[in-house]
Amino acid sequence: MPPSTDETSPPSPDQPAETGRPLHFIEQIVEADNTAGRWGCWSPSSIATTESCRTPSDGEPRRLGMPRVHTRFPPEPNGYLHVGHAKSICLNHGLARRYDGKFNLRFDDTNPAKEEQEYVDSIIRDVRWLGAEFDPSRGMHGGGLYFASDYFGHMHAFAVELIRKGLAYVCQLTAEEVSAQRGTPQVPATSPWRDRPVEESLRLFDEMRRGVHHDGSMTLRARIDLASPNFNLRDPVMYRIVRQPHHNTASAWCIYPMYDWAHGLEDSIEGITHSICTLEFENHRPLYDWFIDAINHGRSHDGSGPWGARIHHPRQIEFAKLRPTHTVLSKRNLLKLVESGIVGGWDDPRLPTLSGLRRRGYTSESIRSLCEDVGVTRAESVIDLGRLENAVRNHLNATAPRAMAVLRPLKVVVENWPDDPRSGKPVVDHLDFVVNPETLEHGGSSARRKVPFSRVLYIERDDFMEDPPKKFFRLSPGQEVRLRWAYVIRCVGVVKDSAGEIVEVRCVHDPATRGGDIPLGPDGKPIRKVQGTIHWVSAQHAVPAEVRLYDRLFTAEEPGAATGSYLDDLNPKSIEIVEALVDPYLVQAARFHADRDEGDRFQFERLGYFCVDRDSSPDRLVFNRTVTLKDTWAKESRR
RNA sequence: UGGGGAUUGGUGUAACGGUAGCACCGCUGACUCUGGAUCAGCUAGUCUAGGUUCGAAUCCUAGAUCCCCAGCCA
């Protein structure tokens, strides 16, 4: 069995580094276990046999002699990972890192009817993207990537052992009959097969394995307690007949273990110390304990005796899952959105899947930061989706280069802009543009770049009003506004089409405000005040780009709460596609990186954060809006 | 009605018998070449009822509300 489970060296007194935050309840449990020496310490052999040296800097010598902390993330490959899984990944991987332990990615692939290689691949990609490193060399003796199906042989041997011990039996009730005889909280279940002779169960179980019986015709059940108030203990099914090929074991098996039978054994085999799962599995814990105890019954510490050595018994800890508002997380609902075509696929940017969030432009840092932020408890809670949005805003504000883009263009002509006397065409001015004001002081040579300006520009339609309300600090007839990093302009007129629609705004600029600075008076103060600053692009230089404006997929906090059907709460405006005009700088700067499955991210000033979509091609940029900037004007104008 | 859990401002989370704190949201104001960011301030909480104690969010008793469990899913 791979990782040693009976190490007896004393616990290290070393405590993990402070993070400034109080320990959450699982960390407290881990530290108490470490102090008590409950799981022993990492030994040279346990390290050598279970992990190769992919990240030598992450230090085996450091782990050596430390109390053993070994966690895992155990997804079933029957769908894509979502933010809820991210919390579990961050928790499990975070514990392993914090306590110099190990982290396994293990696929719980016990049901060939629902599982596919596509899901395996996507899950590996998403876990890596989140930054939860595991050793990718496959297999029990190679590293941190495991498959439950690798243990089918082990599990089968344990099952035979339980039959021999009189603790399991082959039951020939159909699924319907089992259901009908399940009983009630007060009335026990029944099975006419539970006292069948051991030899007969052994023979039938072998026939099940060899595929001589039809799917559903019989099961292997644990003999526990048909009257237990905990239904999980009413002789649960351990194996069912499923004569289907498996993505990993092909057609080696005709029977497959049930989750409840398999899961605890997987953790035991891998030497997992803390089996962390969500609240709904608390009711199953007595069953997992029973299975391990049943196997250990008659076994000895030193391996002497008929049944061999005792197996490892992990400690299960349950926590409350992450539940964001305005979205759905269950695989059933997600699958329905994908298959019905309501969204474009598992990586649709409106989906809470990790691949959807990645395509939307979310950074893995921001998702990790949210998970750290919401904490770990046993109380069920709902997290406002706004917190996820805040997390990515915070990260991107600090890191994303700025650019200008006009989503709904309105033409502006600067009447007093000079022509070049030689060509007779309008002068082109190249102005300084700050790449990211948050990092200006330590930006070095990349802190500024040039942006072209000329006589004809485009501004945002929303930034002009012919008849503005109070506190509208933008462009309107007779009023001044600053063009970001360029000039102060004043509106001197508008041009309308035959329908009365404004098609052009006429302005004059003040040459003394080049760069956007207001000249200083004799007192050293700016000679006048300009309230508003708006973004713009030069008509001659701007490049067209497709911009996909995403919004929340659902309008209701809890989709389906009102009518019972979550589809009733779909947001009809969850996507809007516009033809925008963007800063020519983006033609060079904006790339999609297929190797990372991520596009470059930018802040389009005053609009929000945007990333390059994988649909972009060399001659056409496509951007996804990750999230808008906070907009207090929008809030103000709604009043 | 059986079993297993949970309950602290609008939201999330600390306080582990000794001053109910932090973050987000909201609201003020300052600052600002992004109505962004930043900074300062304000609002607001221990599910209920009893009890133990000098002292209770914390311990005890009773109740309320919410979540999970009767798949050959995980």
Side-chain angles (χ1 to χ4, degrees), chain A residues 21-25 28 74-76 78-79 108-111 113-115 171 173-176 178-179 181-187 189 215-221 228-234 236-242 255-256 258-260 262-263 277-286 318 320 325 331-332 370 373-384 386-387 390-391 393-394 397-398 402 404 434 437-438 471-474 481-486 488 513 515-518 530-535 603-608 628-637:
Chain A
R21 149 180 83 67
L23 299 181
H24 59 66
F25 82 102
Q28 290 177 18
E76 184 192 16
N78 69 342
D108 220 321
D109 52 351
T110 57
N111 186 357
K114 291 187 175 177
E115 297 154 9
C171 176
L173 254 24
T174 66
E176 296 69 36
V178 170
S179 178
Q181 296 179 44
R182 179 75 56 186
T184 67
Q186 292 82 8
V187 180
D215 287 18
S217 59
M218 51 186 74
T219 58
L220 183 71
R221 290 228 255 166
S228 173
N230 182 346
F231 276 69
N232 296 125
L233 298 177
R234 313 255 266 218
V237 172
M238 295 163 63
Y239 276 96
R240 76 285 214 188
I241 302 171
V242 180
I255 54 173
Y256 291 91
M258 296 289 292
Y259 173 87
D260 277 346
H263 193 81
C277 62
T278 46
L279 253 22
E280 68 266 32
F281 292 105
E282 185 158 31
N283 291 336
H284 299 237
R285 178 149 39 95
E318 306 86 12
T325 61
K331 282 178 181 167
R332 206 188 92 250
L370 174 84
D373 221 45
V374 298
V376 181
T377 67
R378 290 177 58 91
E380 291 164 46
S381 56
V382 179
I383 273 61
D384 193 311
R387 291 182 68 164
N390 275 340
R393 274 193 199 102
N394 285 338
N397 177 51
R402 314 281 127 123
M404 292 196 288
V434 172
E438 300 297 314
K471 293 194 195 170
F472 184 79
F473 306 142
R474 307 180 188 183
V481 77
R482 173 174 23 239
L483 296 175
R484 179 75 157 159
W485 304 123
V488 172
T513 58
D517 298 312
I518 311 289
V530 176
Q531 268 280 21
T533 301
I534 64 175
H535 59 277
Q603 184 196 102
F604 290 172
E605 291 223 350
R606 302 207 310 130
L607 296 174
T628 61
L629 255 31
K630 279 202 218 161
D631 190 349
T632 54
W633 167 246
K635 203 184 304 174
E636 174 78 21
S637 59

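First the proteins, then the strands, lettered A, B, ... as listed; each starts at 1. Values in this document were obtained by computation on a predicted structure and should not be read as measured data. The basis for the numbers below is simple: all heavy atoms, side chains too, and nothing from hydrogens, waters or symmetry mates.
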A/Asn397 atom CG is separated from B/U34 atom C1', nearest whole Å, by 10 Å
If only side-chain N and O atoms of A/Arg606 are considered, is one of them under 4.0 Å from the OP1 or OP2 phosphate oxygen of B/G35? yes
For B/A15 versus B/G45, give the span between their C1' atoms, rounded off to a whole number of Å. 14 Å
Answer with base, sugar-phosphate or nothing: what part of the nucleic acid does A/Gln603 contact at a heavy-atom distance below 4.0 Å? base
Presence of donor-acceptor pair under 3.5 Å, side chain of A/Glu438 and base of B/G36: yes
Separation of B/C72 atom P from A/Gln181 atom CD, nearest Å, is 13 Å
Applying the 5.5 Å / 30° rule, does A/Phe473 stack onto the base of B/G35? yes
Once ring-ring contact (aromatic ring centres under 6.0 Å, His included) is applied, do any residues pair with A/His535, and if so which ones, sequence neighbours excluded? none
Donor-acceptor pair, distance only, cut-off 3.5 Å: does the side chain of A/Asn283 make one with the backbone of A/Asn230? no
Stems where RNA chain B pairs, listed by first number, each of three or more Watson-Crick or G-U pairs under 3.5 Å: B:2-7 with B:64-69, B:10-13 with B:21-24, B:26-30 with B:38-42, B:47-51 with B:59-63
Taking for each residue the nucleotide of RNA chain B with the nearest heavy atom, is it A/Val178 or A/Trp485 whose nucleotide lies nearer the 5' end? A/Trp485
Report the residues that fulfil side-chain contact (heavy atoms from CB on, under 4.5 Å) with A/Pro185, sequence neighbours left out, ordered by chain and then residue number. A/Phe231
Does any N or O donor sit under 3.5 Å from an N or O acceptor when you compare the side chain of A/Arg474 with the base of B/G35? yes
Residues A/Glu282 and A/Arg378: closest non-hydrogen pair is OE1-NH2, 2.7 Å
Protein-nucleotide distance (A/Phe231, atom CZ; B/C72, atom C1'), rounded to Å: 17 Å
Which nucleotide, B/G35, B/G12, B/G2, lies nearest any side-chain atom of A/Phe472? B/G35
Closest listed nucleotide, where the reference is the side chain of A/Arg240 and the choices are B/G36, B/C72, B/G35: B/C72
To the nearest Å, how far apart are A/Asp260 CG and B/A70 C1'? 13 Å
Gap in Å between the two P atoms, one belonging to B/G41 and one to B/U46, rounded: 25 Å
I want to confirm an ordering. Mapping A/Glu176 and A/Trp633 to their closest nucleotides on RNA chain B, which one lands closer to the 5' end? A/Trp633
Under 4.0 Å: is that the gap between some side-chain N or O of A/Arg182 and OP1 or OP2 of B/C72? yes
Side chain of A/Thr110: nearest nucleotide among B/A70, B/A74, B/C72? B/A74
With rounding to the closest Å, how many angstrom separate the P atoms on B/C39 and B/C25? 12 Å
Can you name the residues that form a salt bridge (charged side-chain N to carboxylate O under 4.0 Å, His left out) with A/Glu280, not counting sequence neighbours? A/Lys321
Using the C1' atom on both, measure B/A64 against B/C47 and round to a whole Å. 7 Å
Minimum-distance nucleotide to A/Asn283 side chain [options: B/A74, B/G4, B/G35]: B/G4
Using a 4.0 Å heavy-atom cut-off across all strands, classify A/Asp517 as base, sugar-phosphate, or nothing. base
If the cut-off is 4.0 Å, is A/Thr184 near the phosphate of B/G2, judged by side-chain N/O to OP1 or OP2? no
Across the strands shown, which category fits A/Glu605 at heavy-atom distances under 4.0 angstrom: base, sugar-phosphate, nothing? base
To the nearest angstrom, the NE2-C1' distance between A/His284 and B/A70 comes to 11 Å
Please walk me through it: do A/Arg484 and A/Glu605 pass salt bridge (charged side-chain N to carboxylate O under 4.0 Å, His left out)? CA-CA 9 Å; A/Arg484 179 75 157 159; A/Glu605 291 223 350; 2.5 Å; yes
What is the distance, to the nearest angstrom, from the CZ atom on A/Arg484 to the P atom on B/U32? 14 Å
Expressed as a whole number of Å, how far does the C1' atom of B/C22 sit from that of B/G29? 23 Å
Quick one, give me the B/S/- string for nucleotides 13-25 of chain B, reading 5' to 3', where B means a protein heavy atom under 4.0 Å from the base and S means that only happens at the primed atoms, P, OP1 or OP2. SS-B-------SS
Whole-angstrom distance between B/G2 and B/U43, as gauged at atom C1': 46 Å
Expressed in whole Å, how much space separates the P atoms belonging to B/U11 and B/C73? 39 Å
Assign A/Tyr256 to base, sugar-phosphate, or nothing according to its heavy-atom contacts below 4.0 angstrom with the strands shown. nothing
OP1 or OP2 of B/G36 under 4.0 Å from side-chain N/O of A/Thr632: yes
Taking any heavy-atom pair under 4.0 Å as a contact, classify A/Met218: base, sugar-phosphate, or nothing. nothing
Salt bridge (charged side-chain N to carboxylate O under 4.0 Å, His left out) involving A/Glu115 - partner list, sequence neighbours excluded: none
Which residues pass the salt bridge (charged side-chain N to carboxylate O under 4.0 Å, His left out) test with A/Lys635, sequence neighbours left out? none
Residues forming a side-chain contact (heavy atoms from CB on, under 4.5 Å) with A/Leu629, sequence neighbours excluded: A/Gln603, A/Tyr609
Filtered N/O pairs between nucleotides 29-31 of chain B and protein, under 3.5 Å:
none

Evaluate the side-chain proximity of A/Lys630 to A/Asn390: yes if any heavy-atom separation is below 4.5 Å, no if none is. yes
Residues that A/Thr325 engages under side-chain contact (heavy atoms from CB on, under 4.5 Å), provided they are two or more places apart: A/Val382, A/Asp384, A/Leu385, A/Glu557
Please report the distance separating the C1' of B/A23 from the corresponding atom of B/G9, rounded so that it comes out in whole Å. 13 Å
note: A/Asn230, atom CG; B/G4, atom C1'; distance rounded to Å ~ 7 Å
Considering every strand and a 4.0 Å limit on heavy-atom distances, what is the contact class for A/Val382: base, sugar-phosphate, or nothing? sugar-phosphate
Excluding sequence neighbours, so at least two apart, what forms side-chain contact (heavy atoms from CB on, under 4.5 Å) with A/Cys171? A/Tyr169, A/Leu173, A/Ser191, A/Trp193, A/Thr219, A/Arg221
Taking salt bridge (charged side-chain N to carboxylate O under 4.0 Å, His left out) as the test, write out the residues that go with A/Asp215, two or more places apart. A/Arg243
Is B/G5 in the syn range, within 90° of 0, or in the anti range? anti
Any base atoms under 4.0 Å from A/Pro437, or only sugar-phosphate, or nothing? Heavy atoms, all strands. base
Can you name the nearest heavy-atom pair linking A/Arg393 to A/Thr628, along with the distance? NE-O, 2.8 Å
Side chains of A/His263 and A/Pro74, heavy atoms from C-beta outward: is any pair under 4.5 Å? yes
Using a cut-off of 4.0 Å on non-hydrogen atoms, how would the nucleic acid contact of A/Leu370 be classed: base, sugar-phosphate, or nothing? nothing
Just how far, in rounded Å, is C1' of B/G35 from CZ of A/Arg393? 14 Å
